[in-house]
Amino acid sequence: MKINASEIRVGMLLEYKNDLWQVLKTQHVKPGKGGAFAQVEMKSVGKNTKLNERFRSSETVEKASLDENKYNYMYEDDANYFFMEPKTFEQIEIKKEIIGEQGKLLTENLEVSVSFYNENPISVELPNQVQCKIETTDAALKGQTVSSSYKPATLDNGLNIQVPPFIEAGDEVIVDTRNLEYIKKI
């Protein structure tokens, strides 16, 4: 789908120079002399390289069309995570590099949204909140103010997060998957 350069927004995926690019920053500039343009910083989805490009406002760029499907997480091996489509029972595998640190939050049968570009999975979106169990945490120090003090804790999946002083080992907590932060105790 063709869009004008002035319609480019952060987070969009663009097809440009035979590659797929995610927009990191965009700035619309109207100089005193000459035509307006959009200054766009992009990151290649496949190669992990960055590119700064200037598009005139009258130019058009190709917005990538993605297919998004729901899948249930099944299991993992050394290099991949395995997911199943709940309606057709079709299984797919996605490399661990694509999911990154969020992969540790995957639990059996967790429903995720997988985005595909040309039949290849490019991103996995977890639910905004998942339930985890605290494995270990430091003892709270007496006299610390409750409002600003957090202590380190390790979850049962190996992730380290900051939690309030009243959280203890064995507690069930809700964690935000987008920034890996504590939300509340269950």
Side-chain angles (χ1 to χ4, degrees), residues 1 3 8-27 39-53 55 61-137 150 152-163 172-183:
M1 178 173 85
I3 60 169
I8 297 173
R9 301 285 175 255
V10 173
M12 276 186 178
L13 288 168
L14 304 176
E15 291 178 29
Y16 183 69
K17 292 185 177 178
N18 296 326
D19 203 357
L20 188 64
W21 300 87
Q22 182 173 20
V23 177
L24 302 175
K25 292 181 190 170
T26 181
Q27 181 182 10
Q39 184 72 36
V40 181
E41 183 179 320
M42 304 180 286
K43 178 181 160 199
S44 171
V45 173
K47 300 180 189 128
N48 244 2
T49 57
K50 282 190 178 176
L51 176 70
N52 273 311
E53 200 67 42
F55 298 104
V61 290
E62 188 69 30
K63 183 179 176 190
S65 59
L66 299 178
D67 298 325
E68 199 171 281
N69 291 328
K70 299 280 186 198
Y71 282 86
N72 289 344
Y73 171 70
M74 292 172 47
Y75 61 94
E76 66 177 296
D77 66 11
D78 292 341
N80 300 308
Y81 292 110
F82 293 85
F83 298 88
M84 181 180 68
E85 217 276 8
K87 294 182 187 94
T88 63
F89 302 110
E90 172 194 348
Q91 292 185 19
I92 61 166
E93 59 185 64
I94 298 176
K95 295 202 177 306
K96 287 190 173 184
E97 299 90 62
I98 293 174
I99 300 174
E101 190 75 354
Q102 287 186 331
K104 292 182 178 176
L105 294 171
L106 290 170
T107 55
E108 197 171 322
N109 288 329
L110 181 71
E111 187 175 72
V112 298
S113 184
V114 180
S115 296
F116 292 90
Y117 173 73
N118 288 346
E119 313 267 323
N120 295 324
I122 59 164
S123 71
V124 176
E125 193 175 310
L126 276 67
N128 291 343
Q129 299 177 355
V130 294
Q131 184 174 328
C132 297
K133 191 172 188 172
I134 301 288
E135 192 153 295
T136 60
T137 184
Y150 274 70
T154 304
L155 300 174
D156 56 359
N157 55 22
L159 281 175
N160 294 317
I161 64 168
Q162 295 290 318
V163 295
E172 297 271 332
V173 296
I174 300 282
V175 176
D176 189 323
T177 59
R178 295 164 293 191
N179 52 20
L180 303 177
E181 289 181 357
Y182 164 86
I183 296 179

Backbone of P152 reached by a side-chain donor or acceptor of T137 within 3.5 Å: yes
Stepwise side chain to side chain contact (heavy atoms under 4.5 Å, CB included) check, L159 with E101: CA-CA 9 Å; L159 281 175; E101 190 75 354; 3.0 Å; yes
For K43 against N48, the heavy-atom pair lying closest together: CE-OD1, 2.8 Å
Atom of P127, atom of T177 and distance for their closest heavy-atom approach: O-OG1, 2.6 Å
Shortest non-hydrogen separation from V10 to L24 and the atoms involved: CG1-O, 3.5 Å
Rounded distance [0.5 Å steps], NZ in K50 versus CH2 in W21: 11.5 Å
Flag side-chain contact, heavy atom, 4.5 Å: L155 against K104: no
Spatial distance of atom CG (N120) from atom OG (S115) [nearest 0.5 Å]: 12.5 Å
Steps toward side chain to side chain contact (heavy atoms under 4.5 Å, CB included) verdict (N69, V114): CA-CA 5 Å; N69 291 328; V114 180; 5.6 Å; no
pair F83-L106: side-chain heavy atoms closer than 4.5 Å: yes
Side chain proximity check, N52 to Q39, heavy atoms < 4.5 angstrom: yes
D19 versus S44, closest heavy-atom pair with distance: OD2-OG, 2.8 Å
Q131 side-chain N/O to E172 backbone N/O, donor-acceptor pair under 3.5 Å: no
4.5 Å side-chain heavy-atom contact, V61 and V40: no
Close side-chain approach of F89 to M84, heavy-atom, < 4.5 Å: yes
Heavy-atom side-chain contact between L180 and L105 under 4.5 Å: yes
Derivation and outcome, side chain to side chain contact (heavy atoms under 4.5 Å, CB included), residues Y182 and Q162: CA-CA 7 Å; Y182 164 86; Q162 295 290 318; over 6 Å; no
Side chains of S113 and E68, donor plus acceptor under 3.5 Å: yes
F82 vs D77 side-chain heavy atoms within contact, under 4.5 Å: yes
Euclidean distance, N128 CG relative to D176 CG, rounded to 0.5 Å: 6.5 Å
Contact check, side chains of V173 and V163, non-hydrogen atoms, under 4.5 Å: no
Over all atoms of both residues, closest heavy-atom pair of M42 and L14: SD-CD1, 3.9 Å
Working for side chain to side chain contact (heavy atoms under 4.5 Å, CB included), residues I122 and L13: CA-CA 11 Å; I122 59 164; L13 288 168; 3.7 Å; yes
Approximate separation, where rounding is to 0.5 Å, of R178 CZ and E125 CD: 9.0 Å
F55/Y16 aromatic ring centres below 6.0 Å: yes
Nearest-0.5 Å distance, NZ of residue K95 to CD1 of residue I99: 11.5 Å
Main-chain N/O of P86 paired with N72 side-chain donor or acceptor, under 3.5 Å: no
Heavy-atom pair with the smallest gap, counting every atom of P121 and I98: O-CD1, 3.5 Å
Distance, nearest 0.5 Å, that separates CG of L51 from NZ of K17: 5.5 Å
